[in-house]
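I have placed the structure first, in the form of C-alpha cells, so that the comments after it can refer back to it.
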Amino acid sequence: MGFIEELEKRRTFGIVSHPDAGKTTLTEKLLLFGGAIQVAGAVKSNKIKKHATSDFMEIEKQRGISVATSVMAFEYKGRQINILDTPGHKDFAEDTFRTLTAVDSAIVVIDVAKGVEMQTEALVKVCKMRETPMIVFINKMDREGKDGFDLLDEVEAKLDMKVVPLSWPIGMGQRFQGVYNLYKKELILFRPHSKQDLQEEIIVIQDLADESLESHVGEAAAKELREEVEMIEEVYPELNVEDYLAGKISPVFFGSAINNFGVKEMLDCFVEIAPHPLPRDTEERRIEPTENKFTGFIFKIHANMDPKHRDRIAFLRICSGVFERNTNYLHVRQNKKIKFSNPTAFMASKKSVVDEAYPGDIIGLYDSGNFKIGDTLTEGEVLHFKGIPSFSPEQFRYVDNADPLKSKQLAKGLSQLMEEGVAQMFVKKNNGRKIIGTVGALQFEVIQYRLKNEYGASCSYEPVNLHKACWVSCESPEAMKDFMAKRKRDLAEDIDGKLVFLAESAWGLKMAEENHPDVSFHFTSEF
Ligand code: G4P
C-alpha cells in the first residue's frame, strides 16, 4: 500500500464526555467491532473514582492503565482507526485539552438523563476552537431521560453547535424499542439481549408510511415516530458532509453503549464521513499530511511508574511523511539529531515496535528526559507546531524544599514533572520563589507524592493568594519597561522563560489592564 493510501486509511479521533456518560463503555464496544478485543470488560476505566481522589495508589494504578489505553488502534471496514483516550477527571482537563490537539475529529458522548454537563461543555469548546468535526452520541437510551427534541435544543444552546439527527429513538427506558436510522432508512430494533452480541435486528424501511412499521413497534410508537421524523425533516437540515468536516454541524446518534445498541450505526457513519489526517499549522507554515518529509509533535509525556526505570514515554503525533525506526530526526527545540530504536505502536491493549508510521498515527517514544510537551521532530526543517498551549491555571501554591539535603533531586523532579505537563511552575521575579499553578487541586497531591516516590525529594506547600496567571506581551519596549518596573512584585517567568503576570484578584487584573493599555494579557501561553 502506498503512502497516500496509508494516509487516507487513517481516522484519528478522541471521545469526549463528562465522567460517567459512558466513554469507557463506548470505547470498548468500538474495539469489539474492530475485533481488537474479544470480550467486554477488557478495557479498564481510567477514571479516578470520586471516592479515591486522595488515594495515591489508586492514582498510580490509573496512570498505569492510562498508558495502556492512551491510544487504541483497530481496523474496521478498511480503515485504521486510532482512538485517543482522554482523562475524564476534571483535574486532568489540561491533559485532555492537549490530547485533543492530536486528533482529527471527536465523538461527544452525552447521558440522555443528564444532558449536557460541565466537562462536556469545556471540552467541546476546545474542539470548536480548532474546528474539530464532532459526532454526538446520546447514550443510555435504555434509561429514562430527557425528551429527544429538548435534548437537541440543549445541545445546540449549551454547546453552541448545530446538529443533524441521523438516528431517532423509539421510546426510551422501559419503552425503548430501538432507533430509526434516518441516514440509511433502516429500523433497528432493541432487544436487551447479550451485551456481547454484535448482531442487531435491522429492518429496512425506506418509507415510514409503510404499514409494516406497526407490526414491529406497535401502533402508538409507529404514529409517534412518523410525527417526530416529519418534524425532524422540517426543522433540521440534511447532512452536508462538507459542513461536518468544517466543524459547522454535528450528526447525532442515539443508543445504549452498554447494550451495544446504536454503536454500529454511528461507527459506520464515522468511517464514511470522518476526516483522514488533516493539515496542521506551525509558526512557520501549514504542513500538509501528504508532504513526503516526516514531521510530528509531542502532545503527551508519561513517566514510568517504576522509580528504578526513570524513562518516560513521549507520545508523538505524525503530521506528515513517514516516520521510520532508527532514522535520525531533528529535535527542533534542542537542535540535535536523535533516532529511535524502539518506537511503539498501540494496537488495542498490545504494544509493539513499529518500523514505520504514517500521518494520523500516534507512536510512543522512549525518552530519558529529552522531550517536553509541544516539541517538534522533523527531517531537518525548523518548525514549531501551534495549538499546544498551556492554559492559565486557577489554583496556586508556593512550593518549598522540605529536605535541604535533596535540593538537586527536587529541582530535577519539579522540572521533569512540569515538562510532562502535570502542572505549571512560575518563578517570581522579585524573590525567586517558585509557585506551582494547576487546573485542579488533585495535582498538588500528585506532585508531592511523585516527587517522593520517583525522585526521593520532599516539598511543602504554602498558600498564595492568586486569582490568575497570564502571559503578557507588548509591542512597545518603553511601555513594557514601565509595566515591568511598576509591577515587579507581580511578575514571574514560566519554564520557557516567558513573562507572566500574577493577578491577585479579578479586580487587580482589570486595573493592570486599564493602567497598562499597551500591554496584552493572554490566558493561554500561545498568542
Ligand atoms: P465514563 O468512561 O464516561 O466515565 O463512563 P463509563 O463507560 O465508565 O460508564 C459509566 C457508567 O454508566 C457505568 O456504570 C456503565 O456501566 C454505565 N453505562 C454506560 N453505558 C450505558 C448505557 O447505555 N445504559 C446504561 N443503563 N448504563 C450505561 P457504573 O455502575 O458506574 O460502572 P460499572 O460497575 O457498570 O462498570
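Just so you know, ligand 1 is whichever comes first in the structure, and atom 1 is the first atom listed for that ligand.
Ligand 1 has no N or O atom lying under 3.5 Å from any N or O atom of M141, backbone or side chain. For ligand 1, the polar-atom distance check finds no N/O of P19 at less than 3.5 Å from any of the ligand's N/O atoms.
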Item to check | Stepwise salt bridge (Lys or Arg N to Asp or Glu O under 4.0 Å) check, D111 with K23 | outcome: CA-CA 10 Å; D111 181 327; K23 181 168 67 74; over 6 Å; no
Item to check | Stepwise side chain to side chain contact (heavy atoms under 4.5 Å, CB included) check, L159 with K128 | outcome: CA-CA 9 Å; L159 300 180; K128 286 184 67 85; 5.9 Å; no
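Tested against V71 for a side-chain contact (heavy atoms from CB on, under 4.5 Å), the candidates T344, D85, L84 yield a single pass: L84.
Every atom of ligand 1 is numbered from 1 in the order shown, and the set under 4.0 Å from a heavy atom of K23 is 1 (P), 2 (O), 3 (O), 5 (O), 7 (O). Close approach to S17 involves these atoms of ligand 1, each under 4.0 Å from a residue heavy atom: 3 (O). The contact set between ligand 1 and D20, taken as ligand atoms under 4.0 Å from a residue heavy atom, comprises 1 (P), 3 (O), 4 (O), 5 (O), 10 (C), 12 (O). If you number the atoms of ligand 1 from 1 as listed, the ones under 4.0 Å from a heavy atom of T24 come out as 1 (P), 2 (O), 7 (O), 8 (O).
In this model, a donor atom of one side chain and an acceptor atom of the other lie less than 3.5 Å apart for D268 and Y76. Under the 3.5 Å distance criterion, with hydrogens and angles disregarded, no donor-acceptor pair is assigned to the side chains of Y461 and E445.
A cation-pi arrangement is not found for R312 relative to Y366, the charged atom failing to lie both closer than 6.0 Å to the ring centre and inside a 45° cone about the ring normal.
Residue S256 touches ligand 1 through backbone and side chain together, judged by heavy-atom distances below 4.0 Å. Under 4.0 angstrom from ligand 1, the non-hydrogen atoms of R143 all belong to its side chain.
When all heavy atoms of L451 and C459 are compared, the pair lying nearest together is CD1-SG, 3.7 Å.
In this structure, N259 does not count as a contact residue of ligand 1, since none of its heavy atoms falls inside 4.0 Å of the ligand.
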